[in-house]
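A quick write-up on the structure given underneath.
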There are 2 protein chains.
Amino acid sequence: MAAVAALDVEQFRRSDRRLTPQRQAVLKAFLELSREHPTAESIYEAARRYCPTVGLATVYRSLDLFVQMGLIQKAPSLNGTARYDTQRVPHDHFVCLKCGRIYEFHKAQQPEADGEFDEKGFQVFNTSTIYFGYCPSCRQ
Amino acid sequence: MAAVAALDVEQFRRSDRRLTPQRQAVLKAFLELSREHPTAESIYEAARRYCPTVGLATVYRSLDLFVQMGLIQKAPSLNGTARYDTQRVPHDHFVCLKCGRIYEFHKAQQPEADGEFDEKGFQVFNTSTIYFGYCPSCRQ
DNA sequence: GTGATTGCAAAGGTTTTGCAGTAAC
DNA sequence: GTTACTGCAAAACCTTTGCAATCAC
């Protein structure tokens, strides 16, 4: 978390981008919620606590920017609502088929992206295993 | 494929659901395109070749129904457009970070959903590994 | 000062819903 | 004949975009 924030300031300095209060608020809100793979809407709500005038469009623009900068990444989602995730590399996801929530897990074994992909012209940046099912709240 | 179609008729008979030409067209269209994890829109276009009057809303309703019946499933997507996938169990996905296309791969090793999930109250139905990167068309 | 960034509101794209008519059983 | 299903159009979402005003540099 501290690593992400530090990286952040440096990257902003290097580019001609500006570190506005809005972007700081969005990043802070994201870091706060990153464990739960937040939607833009929930990041927006949290960010308003730090910068009450920030607009939803700015939240989307900031998140897109952070994705472009490689600070965060989009998480695959089942129901058409974008979710965001940290860039920390090897972790797996549990996707609830009922509520769409995404949970994060850390597992020992991680499949290797072997030569098969390279042969076929695919360039692999990241690998993640997804478990589908019902989460504790939805298991009734 | 034949297995899915056969299962289909049986399941319809058992429930009080009706096997309409529209639903047959949607299922046929989906089976035709299943390899490429089609969106509702592309299934709609293909389905109109079998049933020219079918509406987009009906396509969505049919796909939802097939998901409920366990015939097909939703595939995780990065860009807010739903994609559909077969229920055939062990296969992996490559998600292109640029165009959002999903490719299917069959790999030998498949991580096991071990007791860890059960302990925590998660019920795992299915497991899939996702590789993120650029596909051949987007690799430029 | 200059140009990137913002907030708002409007537009865009995807998916869902209400309803009267239709068709499968 | 019933009742589930359909097509249409409108509504409901989520996300992006245009633009004048603003603020970080």
Side-chain angles (χ1 to χ4, degrees), chain A residues 8-27 29-30 37-45 47-48 50-69 72-84 99-102, chain B residues 8-27 29-30 37-45 47-48 50-69 72-84 99-102:
Chain A
D8 172 41
V9 175
E10 268 182 37
Q11 280 195 253
F12 273 98
R13 291 252 162 83
R14 244 172 297 169
S15 63
D16 59 348
R17 289 171 183 131
R18 293 174 184 177
L19 193 47
T20 64
Q22 287 87 343
R23 286 178 182 173
Q24 290 184 60
V26 172
L27 192 61
F30 167 76
H37 301 76
T39 62
E41 183 67 32
S42 64
I43 294 170
Y44 169 63
E45 279 162 28
R48 285 185 83 91
Y50 300 116
C51 178
T53 61
V54 71
L56 185 55
T58 298
V59 172
Y60 276 105
R61 280 186 287 228
S62 303
L63 290 171
D64 276 1
L65 177 69
F66 298 157
V67 170
Q68 270 181 50
M69 292 172 73
I72 66 175
Q73 64 185 180
K74 286 194 165 192
S77 133
L78 282 181
N79 63 354
T81 311
R83 286 176 175 273
Y84 297 87
C99 65
R101 258 191 291 241
I102 301 179
Chain B
D8 171 42
V9 176
E10 269 181 36
Q11 279 195 252
F12 272 98
R13 291 254 162 82
R14 243 172 297 168
S15 62
D16 60 348
R17 288 171 183 133
R18 293 171 186 179
L19 192 46
T20 64
Q22 287 87 342
R23 288 179 179 173
Q24 290 184 60
V26 172
L27 192 61
F30 167 76
H37 300 76
T39 61
E41 182 67 34
S42 63
I43 294 170
Y44 169 63
E45 280 162 28
R48 285 185 83 90
Y50 299 116
C51 178
T53 62
V54 71
L56 185 54
T58 298
V59 171
Y60 276 105
R61 279 186 287 229
S62 302
L63 290 171
D64 276 1
L65 177 70
F66 297 157
V67 169
Q68 271 181 49
M69 293 173 71
I72 66 176
Q73 64 186 178
K74 285 193 167 196
S77 135
L78 281 181
N79 62 354
T81 311
R83 285 176 175 274
Y84 296 88
C99 64
R101 256 190 292 242
I102 301 179

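Lettering follows sequence order; numbering is per chain, from 1.
Positionally, the nearest nucleotide of DNA chain C for A:Thr20 lies more toward the 5' end than for the other of A:Thr20 and B:Ala82.
Going from atom CD of B:Gln24 over to atom P of C:dA23 covers 15 Å, rounded to whole Å. The CZ-C1' distance, from A:Arg17 to C:dT5, rounds to 12 Å in whole Å. The distance from atom CZ of A:Arg18 to atom P of C:dG1 is 15 Å, rounded to the nearest whole Å.
Within 4.0 Å (heavy atoms only), A:Thr53 reaches sugar-phosphate atoms of the nucleic acid but no base atom.
Expressed to the nearest 0.5 Å, how far OG1 of B:Thr58 lies from CG of B:Leu65 amounts to 11.5 Å. Atoms SG and CZ, from A:Cys51 and A:Arg23 in turn, are 12.5 Å apart once rounded to the nearest 0.5 Å.
Protein chain A contacts DNA chain D from D:dC14 to D:dC25, reading 5' to 3' and using non-hydrogen atoms of the protein with a distance under 4.0 Å.
No side-chain heavy atom of B:Gln22 sits less than 4.5 Å from a side-chain heavy atom of B:Arg61. The shortest side-chain heavy-atom distance between A:Leu56 and A:Glu41 falls under the 4.5 Å cut-off.
Annotation for A:Ala29 and A:Ala47: closest pair CB-N, 3.6 Å, computed over non-hydrogen atoms. When all heavy atoms of A:Gly55 and A:Tyr44 are compared, the closest pair comes out as C-CE1, 3.7 Å. Shown here for B:Tyr84 and B:Ile72, the closest heavy-atom pair between the two residues is CD2-CD1, 3.9 Å.
Listed pair A:Gln22 / C:dG7 meets the phosphate criterion, a side-chain N or O lying under 4.0 Å from OP1 or OP2.
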Could you encode protein contacts along nucleotides 16-22 of chain C as a string, one character per nucleotide from 5' to 3', using B for base contact, S for sugar-phosphate-only contact and - for no contact, with a heavy-atom cut-off of under 4.0 Å? BBB----
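Looking at A:Arg83, its side chain does come within 3.5 Å of a backbone N or O of A:His37 through a donor-acceptor pair.
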